[in-house]
Amino acid sequence: MTYQELLEKARTCIGPYCKACPVCDGVACRNQIPGPGSKGVGDTAIRNYAKWKTIRVNMDTINENKTPDTTLELFGKKFRYPIFAGPVGAVSLHYGDCLNDVDYNNILVKGCAEAGIAAFTGDGTNPAVMKAACEAIKNNNGAGIPTVKPWDADTLKEKFDLVRSSDSFAVAMDIDAAGLPFLQNLDPPAGSKTVEELSDIIKTAGKPFIVKGVMTVRGAVKAKSAGASAIVVSNHGGRVLDQCPSTAEVLPDIAEVLFGTGIKILVDGGIRSGVDIFKALALGADGVIIARPYVTAVYGGAEEGVKCITEKLGAELADTMKMCGVSSLHEISGENILRL
Ligand SMILES: Cc1cc2nc3c(=O)[nH]c(=O)nc-3n(C[C@H](O)[C@H](O)[C@H](O)COP(=O)(O)O)c2cc1C
């Protein structure tokens, strides 16, 4: 299956909102929710995509001619590429009822594991979704990351029991889900947490804990003091707060403040090619999350589609590394890019 075939097939079944565009830049879906768009005026996903394009990569081919090593090690697991498929919840609402969350996660987790990477899975009001996602991760040797919403303490305890049964190598929380309508006004309340609350949650989870949805240096420092093992620099693709900066704009300062602390940094938002992945690593990320394009891949080609897009991204990354004269991910630095 080619990437073009995958897109064409996705267009036949991906519902009324997503157009499975040749490049997923946030324009066609803009502020369409339900659908994959952004909140409010809807320009945050567009800005996420556009800001990566203002960074250029520096070519240097006067080097030893060797195959670049694209592998990443995270929390004791080795991955073929520094790429993770992002968590996406309520897929039938946003992308049409050809798939539900359980089927979607089953395909995504398996496809990613077979491609040598790992998927984050989403969470929602239906408890069956997290249960099935954890089973899918277990069936794929723990190669997946359940992403738990910032629920109240009792609900979180139940979720973490499921997470433990999954043998996942890490767990995540999209702390920025505080901005999603379905999480607001719940009783007991869900959403924002203090550093103390987050610290207790991280201790209860008992696994490397990834805090997803950090957009400021202050937020990164708080996640660190709560005991996070990693953060995801993310604005949830513009879906939780109107008119955020792009993730490319805030990543360098966050990477600087966390430098040398051992905390891993992932980033998402509009990363659409291996060249973008290279830029993200040059700005200080250890790896990237890509969400919407993996939805297109699942709708357009199931596990095969997931493998197709992963191979495409991985090959682009390897090519960029070779052309910029770096042979491993650790060697990628600010010297390899030009920021306009
Ligand atoms: C329809 C939709 C549903 C999402 N659901 C979740 C979710 O359940 N949990 C989560 O952490 N992020 C969720 N996200 C955010 C993505 O994981 C990701 O942070 C965001 O889309 C930015 O990455 P992208 O530009 O590659 O899509 C969702 C995004 C979309 C478009």
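First listed ligand is number 1; within each ligand, the first listed atom is number 1. Note that this is a predicted model, so its numbers are computed, not measured.
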Asker: Looking only at distances, please establish whether an N/O atom of ligand 1 is found under 3.5 Å from an N/O atom of Gly89.
Answerer: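 Yes; at least one N/O pair falls below 3.5 Å.
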
Asker: I'd like to know if the side chain of Tyr49 pairs up with that of Ser246 as donor and acceptor (distance under 3.5 Å, no hydrogens or angles considered).
Answerer: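 Side-chain D/A pair, Tyr49 to Ser246: absent.
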
Asker: For Phe169, check ring pair (Phe, Tyr, Trp, His ring centres under 6.0 Å) against everything at least two apart and list the hits.
Answerer: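 Applying ring pair (Phe, Tyr, Trp, His ring centres under 6.0 Å) to Phe169 gives Phe79.
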
Asker: Give me the nearest non-hydrogen protein atom to atom 20 (C) of ligand 1 as residue plus atom name, then the distance to 0.1 Å.
Answerer: Gly237 N, 3.4 Å

Asker: Tell me the contacting part of His94 for ligand 1: side chain, backbone, both, or neither, using a 4.0 Å heavy-atom threshold, strictly below.
Answerer: side chain

Asker: Under 4.0 Å, counting heavy atoms only: does Asn48 come that close to any atom of ligand 1?
Answerer: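 No, that is not the case, since the closest heavy atom of the residue is not under 4.0 Å from the ligand.
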
Asker: Identify, by atom number and element, the atoms of ligand 1 in contact range of Ser234, meaning under 4.0 Å from any of its heavy atoms.
Answerer: 19 (O)

Asker: Test of understanding: given a 4.0 Å heavy-atom threshold, classify the contact between Tyr49 and ligand 1 as side chain, backbone, both, or neither.
Answerer: neither

Asker: When you measure from atom 17 (O) of ligand 1 to each heavy atom in Pro87, Ser38, Gly86, Ala177, which option holds the nearest one?
Answerer: Pro87

Asker: Counting each atom of ligand 1 from 1 as listed, which ones have a heavy atom of Lys149 under 4.0 Å away?
Answerer: 7 (C), 8 (O), 9 (N)

Asker: Kindly write out the residues that satisfy salt bridge (charged side-chain N to carboxylate O under 4.0 Å, His left out) with Arg11, not counting sequence neighbours, or none if the list is empty.
Answerer: none

Asker: Tell me the contacting part of Met173 for ligand 1: side chain, backbone, both, or neither, using a 4.0 Å heavy-atom threshold, strictly below.
Answerer: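 Near ligand 1, Met173 shows nothing, with every heavy atom at 4.0 Å or more.
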
Asker: Just by distance, with hydrogens left out, do Asn48 and Asn235 show a side-chain donor and acceptor under 3.5 Å apart?
Answerer: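 Result is yes, a qualifying pair exists.
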
Asker: Looking at ligand 1, would Gly269 count as a contact under a 4.0 Å heavy-atom criterion?
Answerer: yes

Asker: Mark up the atoms of ligand 1 that fall under 4.0 Å of a heavy atom belonging to Ile290, in ascending order.
Answerer: 26 (O)

Asker: Does Gln184 have more than 12 heavy atoms from other residues, nucleotides or ligands lying within 6.0 Å of its CD?
Answerer: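 Atom CD in Gln184 is crowded, with more than 12 foreign heavy atoms closer than 6.0 Å.
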
Asker: Distance-only, no hydrogens or angles: does the Lys279 side chain make a donor-acceptor pair with backbone N or O of Trp52 under 3.5 Å?
Answerer: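 Yes; judged by distance alone, with no hydrogens or angles, the pair exists.
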
Asker: Other residues, nucleotides and ligands only: do more than 12 of their heavy atoms fall within 6.0 Å of NZ on Lys307?
Answerer: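 Enclosed: over 12 neighbouring heavy atoms sit under 6.0 Å from NZ of Lys307.
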
Asker: Which bit of Ala291 is near ligand 1, meaning a heavy atom under 4.0 Å away: side chain, backbone, both or neither?
Answerer: both

Asker: Roughly how far apart are Lys149 NZ and Thr155 OG1, rounded to 0.5 Å?
Answerer: 13.5 Å

Asker: Kindly confirm or rule out an N or O of His236 lying under 3.5 angstrom from an N or O of ligand 1.
Answerer: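 There is such a contact, yes.
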
Asker: What do you reckon, does Phe120 put a non-hydrogen atom under 4.0 Å from ligand 1?
Answerer: no

Asker: Can you tell me the protein heavy atom closest to atom 24 (P) of ligand 1 and the distance?
Answerer: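 Protein heavy atom at minimum distance: Arg272 NH2, 3.4 Å.
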
Asker: Short N/O distance, under 3.5 Å, between Arg292 and ligand 1?
Answerer: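 Looking only at distances, the answer is yes, because the N/O contact criterion of under 3.5 Å is met.
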
Asker: Just need the protein heavy atom nearest to atom 29 (C) of ligand 1, so name the residue and atom and give the distance.
Answerer: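 Nearest neighbour among protein heavy atoms for atom 29 (C) of ligand 1, to 0.1 Å: Arg239 CD, 3.6 Å.
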
Asker: Only one of Asp69, Thr71, Asp286, Leu72 forms a side chain to side chain contact (heavy atoms under 4.5 Å, CB included) with Leu329, so which one is it?
Answerer: Leu72

Asker: Any chance you could lay out the salt bridge (charged side-chain N to carboxylate O under 4.0 Å, His left out) test for Glu311 and Arg80, step after step, and finish with the verdict?
Answerer: CA-CA 10 Å; Glu311 285 306 321; Arg80 201 155 160 228; 2.6 Å; yes

Asker: How about Asp268 and Ser234: does a side-chain donor come under 3.5 Å of a side-chain acceptor?
Answerer: yes

Asker: What residue and atom, counting heavy atoms only, is the protein's closest point to atom 18 (C) of ligand 1, and at what distance?
Answerer: Asp268 OD2, 3.3 Å

Asker: Which residue and atom name correspond to the protein heavy atom nearest atom 11 (O) of ligand 1, and how close is it?
Answerer: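 The answer is Lys212 NZ, 2.9 Å.
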
Asker: Under 6.0 Å from the NZ atom of Lys131, do we count more than 12 heavy atoms belonging to anything else shown?
Answerer: no

Asker: Say whether Gly35, considering both its backbone and side-chain N or O atoms, lies within less than 3.5 Å of an N or O atom on ligand 1.
Answerer: no

Asker: Compute whether any side-chain donor of one residue and acceptor of the other, for Ser327 and Glu331, lie under 3.5 angstrom apart.
Answerer: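 Short answer, yes.
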
Asker: Check whether any heavy atom of Ile271 sits under 4.0 Å from an atom of ligand 1.
Answerer: no

